[in-house]
> 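Below is the structure I would like to discuss, written out as structure tokens.
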Amino acid sequence: MRILGIDPGLRRTGFGVIDIDGQRVAYKGSGMIRPDITGTEPERLAELFHGVQELIEHYRPDHAVIERVFVNVNPKSTLSLGQARGVAIAALAQAALPVDEITPLKIKQSIVGSGRATKEQVQKMVQRLLALPKAPGADAADALACALAWWQTQAHRSAVDKASGRR
């Protein structure tokens, strides 16, 4: 199964792609979509939409996971983040990809073991979990962590269901 993780943002949207085979996980790619900051907000949202479409076409994921919006102190930033998320979700939905959401707290708990983990701690654990030669950038690491945390949650849920006799 190929999973596309997305860490949305209007200036920078991180993405990370992993392949899952049983208990094995393999890194397939990561990076950022960076809309032209000189463009209007609608133009940047359109660039983000097309960028996600290109990722889908290039990587052919089976599933997508996107970080759930947190409430920010700055309402304008929260609104922009929500719009970027919505555009990314629309591109994923248009491709008929199953999309799940995961909170930053759940991601940090799953990857680092603490909901108060720093970006640097997330980067280092992603590097370690995926056996990468160097830590990915913060946005790419967050997207990879998103995909990894979702997979770990699914694996745990499957093991619990199996142990309890549920399907």
Side-chain angles (χ1 to χ4, degrees), residues 1-34 48 52 55 59 61-93 97-164 166:
M1 168 184 268
R2 182 162 289 177
I3 303 169
L4 168 61
I6 295 183
D7 176 34
L10 193 54
R11 289 180 182 253
R12 294 181 316 269
T13 290
F15 72 88
V17 183
I18 58 173
D19 276 353
I20 304 299
D21 183 13
Q23 292 300 313
R24 291 189 190 149
V25 62
Y27 172 84
K28 288 299 171 187
S30 64
M32 280 188 298
I33 300 169
R34 289 184 184 195
L48 176 55
V52 173
L55 291 175
Y59 288 105
D62 301 302
H63 200 96
V65 185
I66 190 164
E67 190 172 296
R68 185 173 287 162
V69 167
F70 61 92
V71 177
N72 198 327
V73 174
N74 181 337
K76 187 173 184 208
S77 295
T78 302
L79 180 59
S80 290
L81 178 58
Q83 289 174 324
R85 250 182 109 258
V87 163
I89 290 170
L92 298 166
L97 273 174
V99 180
D100 279 305
E101 300 174 274
I102 190 165
T103 66
L105 177 67
K106 187 74 169 170
I107 293 167
K108 290 176 182 181
Q109 287 173 333
S110 180
I111 300 303
V112 180
S114 167
R116 294 180 178 261
T118 66
K119 285 213 176 262
E120 293 78 17
Q121 289 172 314
V122 172
Q123 286 174 277
K124 287 294 185 187
M125 282 305 295
V126 166
Q127 177 187 6
R128 188 174 190 185
L129 290 168
L130 294 174
L132 300 174
K134 66 178 190 165
D139 295 302
D142 285 351
L144 287 164
C146 189
L148 286 164
W150 178 84
W151 168 61
Q152 290 173 350
T153 301
Q154 296 306 305
H156 176 75
R157 184 177 299 142
S158 180
V160 169
D161 287 350
K162 186 175 181 181
S164 66
R166 289 184 279 181

> Where is the tightest heavy-atom contact between P104 and R68, given as atom of each residue plus distance?
CD-O, 3.6 Å

> What's the shortest heavy-atom distance between V112 and M125, and which atoms?
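Heavy atoms of V112 and M125 come nearest at CG2-CG, 4.1 Å.
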
> If I compare all heavy atoms of Y59 with all of G29, which pair ends up nearest, and what's the gap?
OH-CA, 3.7 Å

> How close do A64 and L97 get, heavy atom to heavy atom, and via which atoms?
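Minimum heavy-atom separation between A64 and L97: CB-CD1, 4.4 Å.
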
> In Å, rounded to the nearest 0.5 Å, how long is the span from CG of D142 to CD of E67?
6.0 Å

> Contact between V87 and L10 at the side-chain level, heavy atoms closer than 4.5 Å - yes or no?
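Result no, sub-4.5 Å side-chain heavy-atom pair not found.
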
> Please assess Q152 against I111 for the test side-chain contact (heavy atoms from CB on, under 4.5 Å), listing each intermediate value before the final yes or no.
CA-CA 9 Å; Q152 290 173 350; I111 300 303; 4.0 Å; yes

> Are the side chains of P61 and I3 in touch, meaning some heavy atoms are under 4.5 Å apart?
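Side-chain contact under 4.5 Å: no.
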
> Report yes or no: does Q109 contribute a side-chain atom to a donor-acceptor pair with the main-chain N or O of G115 at less than 3.5 Å?
no

> Look up atom CE in M1 and atom CG in D21, then write down how far apart they are to the nearest 0.5 Å.
11.5 Å

> How about I66 and P8: do any of their side-chain heavy atoms sit closer than 4.5 Å?
yes

> May I ask you to test the W151-V25 pair for a side-chain heavy-atom distance under 4.5 Å?
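Yes, side chains in contact.
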
> When you compare the side chain of L4 with that of L92, does any pair of heavy atoms fall below 4.5 Å?
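Of all side-chain heavy-atom pairs linking L4 with L92, at least one is under 4.5 Å.
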
> To the nearest 0.5 angstrom, please state how far the CZ atom of R128 sits from the CD atom of Q123.
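Here the interatomic distance stands at 15.5 Å.
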
> Could you go through I6 and I33, starting from their C-alpha distance and side-chain angles, then the distance that decides it, and tell me whether this counts as side-chain contact (heavy atoms from CB on, under 4.5 Å)?
CA-CA 10 Å; I6 295 183; I33 300 169; over 6 Å; no

> Which heavy atom of C146 sits nearest to which heavy atom of I102, and what is that distance?
SG-CG2, 3.4 Å

> Might you point out which heavy atoms bring S30 and L144 nearest each other, and give the distance in Å?
CB-CD1, 3.8 Å

> Nearest 0.5 Å, what's the CG-OG1 distance between L55 and T13?
9.5 Å

> When rounded to the nearest 0.5 angstrom, what is the spacing between NE2 in H63 and CD in Q154?
6.5 Å

> Measure the CZ-CG distance between R34 and D139 for me, rounded to the nearest 0.5 Å.
8.0 Å

> Excluding sequence neighbours, so at least two apart, what forms side-chain hydrogen bond (donor to acceptor under 3.5 Å, both in side chains) with R2?
D19

